[in-house]
Amino acid sequence: MTFRVVQWATGGVGTAAIRGALLHPDIDLVGCWVHSDDKNGRDIGDLVGGAPVGVRATTSAEEILALDADCVIYTPLVADKKVVAALLASGKNVVTPLGWFRPSERDAALDRTARDAGVTLHGTGIDPGGITDLFPLALSAMTSAVTFVRAEEFSDLRGYAAPDVLRWIMRFGGSVEEAQDGPMLGLLTGGFTQSLRLILDGMGFDPDAEIRTGHDIAVATAPIDSPLGVIEPGAVAAQRFQWDAVIDGNSVARVAVNWLMGEENLDPPWTLGSAGERYEVEIEGTPSSLMTFTGFNSDAVEKVGDPNPGIVATANHLVNSVPYVCRAEPGIKTYLDLPLMAGRAHPKLAAR
């Protein structure tokens, strides 16, 4: 069965999602919403640097809502709950990396909207939405009596070619106070808290455990070259964000990200460790285990401008979830509700 899919927004994740969808044998791209007028009317193949595919982008939400489609891959920079509700009410399933990894009471109205329309909303991605919840849940199946779960990212952001995001949202290159007062902790907390709650739910911990947040900062001690320009001494050059689920004073689950502009000229003198850029998933129990994932980080500064592997992985997780989400029961569904998802063979290698 082929599913008719719309791509909503064409930033980094949206562009990668279009490329992935064009290679997916069960997906037919039929529409694309864009924010800027200069993209309006352009063929989406052209927007992603490929050959024309016969589908033109539009800035009209009304056109997308009226379109006959099975699913929307929703990837703007920030989610608009009213837009998501309208997409669901129009009879379209929605997959997004912007939340709904584990719904709460605040999502009850959106869940009703999806159920009334007979469609599904699913939050997925990589971090949060994969490494920080799906992978720990899967790995924990080999352990009994789990006492602690950790999922953590270690990345060199000199390979992240998004200078505006780095400077004005993540607040690299500014003062410590500017970073402490910036939007990043708030933007991240919603998603990562949902990851923790999903781990608690899935493994049988107290789902109402206290969540504690932490934000540590390192500054440059000498000029550091970065995608946003030179980071001057005293400016923010590395950040660590951490979220812990705490029961009886002890952390039982933790997700964290470590973002560094290299490993030199930092105060404190942070490093990525001997293993370099990676994602780690750790389970303490009987037996304990530690798995390291590589390949999702931008591991070469000289490749700035190439597709970021983490962004591509996020997009592919969205694309590959489409058939499963379209077949699911209506409502907001998490990894605990859906079957095991898998990628698809390259079209040239697929069995005939």
Side-chain angles (χ1 to χ4, degrees), residues 1-35 44 47-48 53 55 57 64 67 69-81 83-84 87-88 92-103 110 114 119-135 138 162 190-192 194-195 198 279 293 295-296 307-328 332-346:
M1 179 178 180
T2 301
F3 299 94
R4 294 169 57 83
V5 174
V6 171
Q7 174 59 46
W8 186 286
T10 55
V13 175
T15 296
I18 290 174
R19 292 177 178 139
L22 290 172
L23 291 171
H24 197 293
D26 302 326
I27 288 178
D28 182 16
L29 280 173
V30 297
C32 179
W33 181 88
V34 291
H35 179 266
I44 61 173
L47 286 179
V48 301
V53 298
V55 177
I64 298 299
L67 193 62
D70 299 300
C71 189
V72 176
I73 300 174
Y74 181 76
T75 63
L77 186 61
V78 178
D80 185 329
K81 188 175 287 190
V83 171
V84 174
L87 291 169
L88 294 169
K92 298 173 181 62
N93 299 281
V94 175
V95 295
T96 180
L98 299 176
W100 300 288
F101 310 107
R102 187 265 193 184
L110 205 57
V119 295
T120 301
L121 169 61
H122 176 59
T124 186
I126 181 173
D127 185 26
I131 296 288
T132 52
D133 35 47
L134 177 61
F135 285 22
F192 284 115
Q194 290 179 56
S195 288
L198 193 62
Y279 291 83
F293 300 87
F296 295 148
N308 182 291
I311 288 176
V312 175
T314 299
N316 288 337
H317 208 173
L318 294 163
V319 170
N320 288 325
S321 73
V322 167
Y324 302 89
V325 171
C326 289
R327 297 187 187 109
I332 302 177
K333 299 300 180 183
T334 74
Y335 296 127
L336 298 177
D337 305 308
L338 298 172
L340 175 67
M341 300 180 190
R344 302 291 288 173
H346 191 286

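Nothing fancy with the numbering, it's 1 onward along the sequence. Just so it is clear, the structure is predicted and the values come from calculations on it, not from any experiment.
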Any side-chain heavy-atom pair from [X] and [Y] closer than 4.5 angstrom?
X	Y	answer
H24	P323	yes
S321	H122	yes
T132	L198	no
I44	V48	no
F296	V312	no
L134	H317	yes
F3	C71	no
L110	K81	yes

Working for side-chain contact (heavy atoms from CB on, under 4.5 Å), residues D337 and I332: CA-CA 9 Å; D337 305 308; I332 302 177; over 6 Å; no
Minimum heavy-atom separation for [X] and [Y], please, with both atom names.
X	Y	result
A114	L88	CB-CD1, 4.2 Å
L47	A57	CD1-CB, 3.8 Å
G31	L67	CA-CD2, 3.9 Å
T314	P97	CG2-CB, 3.9 Å
P339	Y324	CG-CD2, 4.0 Å
A69	V6	CB-CG2, 3.8 Å

With [X] via side-chain hydrogen bond (donor to acceptor under 3.5 Å, both in side chains) - residues at least two apart:
X	answer
W100	D107
T15	none
D133	S195
Y335	T124

If a pair satisfies salt bridge (charged side-chain N to carboxylate O under 4.0 Å, His left out) and one of its residues is in [range], list it, with sequence neighbours excluded.
range	result
residues 310-325	none
residues 17-29	D26-R344
residues 2-17	R4-D68

Using the test ring pair (Phe, Tyr, Trp, His ring centres under 6.0 Å), find all partners of Y279 that sit at least two apart in sequence or belong to another chain. none
State which residues pass ring pair (Phe, Tyr, Trp, His ring centres under 6.0 Å) with F293; sequence neighbours excluded, sorted by chain then number. F135
Partners passing side-chain contact (heavy atoms from CB on, under 4.5 Å) against [X] (at least two apart in sequence or in another chain):
X	result
L22	I18, L29, V53
V83	W8, Y74, D80, L87
I73	V5, Q7, A17, T75, V95, L318, V319, V322

Main-chain N/O of I64 paired to K92 side chain as donor or acceptor, under 3.5 Å: yes
